[in-house]
Visitor: 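Could you have a look at this structure, given as structure tokens, before my questions?
Being a predicted model, the structure only gives us computed values, none of them experimental.
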Amino acid sequence: MPPTGVLGDLAIALGLGLIVGLQRESAESKLAGLRTVPLVTLLGSLCALLSAAAGGWILAAGLLGVAAATAMGNVAKLRLAEVDPGMTTEIALLVMYGVGAYVVLGDRAVAVVLAGTVAVLLHFKAELHGAVGRLGRPELRALMQLVLLALVVLPVLPDTTLGPFSVFNPREMWLMAVLIVGLSLAGYIALKFLGENAGIVAGGLLGGLISSTATTVSWSRLTRGRPEASRAAAVVIVIASTVVYARVLVEIAAVARPFLRAAAAPILVLFAAMAVAAAGLWFRTRSREPLTVDGQPPADLKTAFTFAALYVVVLFAVAYARERAGTPGLYLVSVLSGLTDVDAITLSVARLVGSDQIDPGQGWRLIVVGLLSNLVFKGAMAAGLGDRQLRRWIVLLFGAQLLVGAAVLAFWPS
């Protein structure tokens, strides 16, 4: 490695150590501070440099040396009757030794991210402990349930298509159930920690980016037996449905940018209409009694798996329509595909337009049909799963949006 590269690595290691050392100094740590942490990080880099000639054993020796020095420091504290049961600083020193070594042996960007993460975790100790303190046993149980579904079961499911038409994917179906449970829990926690207003906006934006359909299912279910939640659920569902239009435009731009010139204007009209509906509902209902979330967190796995099964049924219907009807049946395919997901029809149509298999005018109409079909499906989910008050809001607002969509399809020039 050239000398300038070595000096650069050492400078980065020193800087990262200073950041974490500054945090430990401000916390008045007796074990390590503004000088000790940078020295440990530099030691990690030096051992990594020397390992190229002396072998990897020197890295292990350096780590053992840091661990021994840390243990000696704790022994001295015990002799002074300074009892500190925590191990945060000790572990942080070991991690920073590894960061220093990784600056030399690995990716500098990863080392920077690791050091920044260490500094943040150390600095926000009170906030993190406070957040955990606000989570009761039911919330932790729901969180562990989500971990079981997403991190234990999902990775081992086969990611392959099975059955007729090759559309059934076990991992994809399970992922839809995970989305329902995850969005339900995310919305609950957002309301509990951010308050109603910020939690509603965060839930709507997050739901629109991930899955507005899953968001509709999870928030509609939240209103069952809790009519006071209808206002929040309606606003979240409408915000999520608004974000879908922006997501569709981004997908078109990513797959077939020239197609965006024809598709942007009509889809932006629908986006504006839904955004006005979201804003109107927000200001119309904001003076109502705030929503609280002191009850049980949502964890209805039955609803989640029922929706996932329905998603698979729709996939089979789409595949069947495409197989039997061919190109003339594209609008039927668009209707069926849009019931649960607008991404598939958007990306498929954009590719067809980009390869000149269909014209842009027909392309954006197919996408709009899928969007309106998705709106009908979400409205049905909200009506079937939600409270009467939520049903009233969604039927009114989604009905108005369907009229706007029908007018765009009927009168917008090709």
Side-chain angles (χ1 to χ4, degrees), residues 208 211-213 216 237-281 314-315 317-322 324-383 393-414:
S211 172
S212 64
T213 308
T216 301
I237 291 170
V238 176
I239 290 176
S241 299
T242 304
V243 174
V244 170
Y245 296 102
R247 196 178 73 207
V248 163
L249 291 175
V250 171
E251 290 172 351
I252 292 174
V255 175
R257 186 176 294 272
F259 178 36
L260 191 62
R261 289 195 294 268
I267 294 177
L268 281 174
V269 169
L270 297 176
F271 171 82
M274 188 63 83
V276 169
L281 181 60
V314 172
L315 287 180
V318 170
Y320 180 83
R322 186 185 294 114
R324 301 297 182 185
T327 302
L330 281 176
Y331 281 101
L332 176 60
V333 172
S334 181
V335 169
L336 294 175
S337 178
L339 288 177
T340 57
D341 177 48
V342 296
D343 296 323
I345 190 66
T346 298
L347 295 172
S348 299
V349 168
R351 290 192 183 97
L352 291 174
V353 173
S355 59
D356 296 324
Q357 296 184 51
I358 60 175
D359 64 87
Q362 184 186 16
W364 70 255
R365 281 180 166 81
L366 287 169
I367 293 175
V368 168
V369 168
L371 286 166
L372 297 181
S373 172
N374 183 251
L375 205 65
V376 171
F377 183 78
K378 290 185 293 189
M381 290 294 100
W393 283 117
I394 294 301
V395 168
L396 175 64
L397 297 177
F398 279 15
Q401 183 72 3
L402 288 173
L403 292 177
V404 174
V408 168
L409 289 173
F411 300 111
W412 198 275
S414 299

Visitor: How close do L281 and L397 get, counting heavy atoms only, and between which atoms?
Guide: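 Taking L281 first and L397 second, the nearest heavy atoms are CD2-CD1, 3.7 Å.
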Visitor: Can you name the closest pair of heavy atoms from L402 and L372 and give their distance?
Guide: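 L402 and L372 have their closest heavy atoms at CD2-O, 3.8 Å.
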Visitor: So, N374 side chain and V342 main chain: donor-acceptor pair closer than 3.5 Å or not?
Guide: no
Visitor: Which atom names give the shortest non-hydrogen contact between G379 and I394, and what distance separates them?
Guide: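 Of all heavy-atom pairs spanning G379 and I394, the closest is CA-CG2, 3.9 Å.
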Visitor: Kindly give the heavy-atom pair with the smallest separation between V238 and A277, and that separation in Å.
Guide: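 Residues V238 and A277, closest heavy atoms: CG1-C, 4.2 Å.
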Visitor: Which pair of non-hydrogen atoms, one from I239 and one from A278, has the smallest distance, and what is that distance?
Guide: CG1-CB, 4.2 Å
Visitor: Report the distance from atom CG of L366 to atom OH of Y331, rounding to the nearest 0.5 Å.
Guide: 4.5 Å
Visitor: Do the side chain of E251 and the main chain of T346 share a donor and acceptor less than 3.5 angstrom apart?
Guide: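 Judged by distance alone, no pair lies under 3.5 Å.
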Visitor: Would you please test L339 and V376 for side-chain contact (heavy atoms from CB on, under 4.5 Å) and show each step?
Guide: CA-CA 7 Å; L339 288 177; V376 171; 5.7 Å; no
Visitor: Can you give me the closest heavy-atom contact between L409 and R365, atom names plus distance?
Guide: O-NE, 3.7 Å
Visitor: Is M274 close to L375 at the side-chain level, that is, under 4.5 Å between some pair of heavy atoms?
Guide: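 L375 reaches M274 side chain to side chain.
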Visitor: Verify, without hydrogens or angle tests, whether S334 (side chain) and V369 (backbone) share a donor-acceptor contact under 3.5 angstrom.
Guide: no
Visitor: Any side-chain heavy-atom pair from I252 and I367 closer than 4.5 angstrom?
Guide: yes
Visitor: Quick check: does any side chain N or O of S212 sit under 3.5 Å from a backbone N or O of V244, one acting as donor and the other as acceptor?
Guide: no
Visitor: Go through it in stages, so that I can follow the logic: the residues are W364 and D359, the test is side-chain contact (heavy atoms from CB on, under 4.5 Å), and I'd like the CA-CA distance, side-chain angles, deciding distance and then a yes or no.
Guide: CA-CA 9 Å; W364 70 255; D359 64 87; over 6 Å; no
Visitor: Is the shortest heavy-atom distance from the side chain of K378 to the side chain of I237 under 4.5 Å?
Guide: no
Visitor: To the nearest 0.5 Å, what is the distance between OH (Y245) and CG (L270)?
Guide: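 Y245 atom OH to L270 atom CG measures 5.0 Å (nearest 0.5 Å).
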